[in-house]
Amino acid sequence: MKTVLILNGPNLNMLGVREPHIYGHETLQDTEDMCHDHAKTLGFSIDFRQSNYEGELVTWIQEALQKVRGIIINAAAYTHTSIAIHDALKLHNCPIIEVHFSHPKDREKFRHISYIEPLAITTIAGKGAKGYLEALTFLENSIINNAQ
Ligand code: DQA
């Protein structure tokens, strides 16, 4: 079965209580459950993870080499700072999709830069947990079209 790695960065474990006016009321567990259900309908299995540590995210990206058909990543604040995550993602030839619950480009200036964006086939932002489902569908189309 095709496996998709879904990575979540720092503070996303606090969804539901964290600034709900920005991030909504869904928890990360809700998001994971929705992704599992949607992935099943697409014939994917998912490996859904969250870490508050940059190095752990880098290690997981390295460990996924040759094992996953695609990566969906919400690097959270590391989106705007992490060359280490950028470099690790560059190891992969599989499609990468950047997701965000909010719309960082409509927020503070320091959120306007993304070190993930240049490596991603698309960025889905501002759609809450539904953006992850859209990313899974987008990934499926990209994998089929490229016959990867
Ligand atoms: C976020 C946006 C980032 O700017 C922020 O640091 C996050 C969450 C989002 O999903 O909207 O932690 O990635």
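Everything numeric here is computed off the predicted structure, so don't read it as measured data. Remember, it's 1-based here, ligands and their atoms both numbered in the order they're listed.
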May I have the N/O to N/O pairs between ligand 1 and the protein that fall below 3.5 Å, each with atom names and distance to one decimal?
| from | atom 1 | to | atom 2 | distance (Å) |
| --- | --- | --- | --- | --- |
| ligand 1 | 4 (O) | His80 | NE2 | 2.7 |
| ligand 1 | 4 (O) | Arg111 | NH1 | 3.0 |
| ligand 1 | 6 (O) | Ala77 | N | 3.2 |
| ligand 1 | 6 (O) | Arg111 | NH1 | 3.0 |
| ligand 1 | 10 (O) | Asn74 | ND2 | 2.9 |
| ligand 1 | 10 (O) | Phe101 | N | 2.7 |
| ligand 1 | 11 (O) | Phe101 | N | 3.3 |
| ligand 1 | 11 (O) | Ser102 | N | 2.8 |
| ligand 1 | 11 (O) | Ser102 | OG | 2.6 |
| ligand 1 | 12 (O) | Arg18 | NH1 | 3.1 |
| ligand 1 | 12 (O) | Arg18 | NH2 | 2.9 |
| ligand 1 | 13 (O) | Asn74 | OD1 | 2.8 |
| ligand 1 | 13 (O) | His100 | ND1 | 2.8 |

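- When every heavy atom of Ile61 is checked against every heavy atom of His92, the shortest pair comes out as O-NE2, 2.8 Å.
- A donor-acceptor contact closer than 3.5 angstrom is absent between the side chains of Thr79 and Glu98.
- A donor-acceptor pair under 3.5 Å is formed between the side chain of His112 and the backbone N or O of Lys105.
- Judged purely by distance below 3.5 Å, without hydrogens or angles, the side chains of Tyr132 and Asn8 pair a donor atom with an acceptor atom.
- A side-chain contact (heavy atoms from CB on, under 4.5 Å) with Leu139 is found for exactly one of Ile72, Leu42, Ile71, Ile6, namely Ile72.
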For this session: Would you please test Asp33 and Gln29 for side chain to side chain contact (heavy atoms under 4.5 Å, CB included) and show each step?
Result: CA-CA 6 Å; Asp33 293 345; Gln29 187 61 55; 3.0 Å; yes
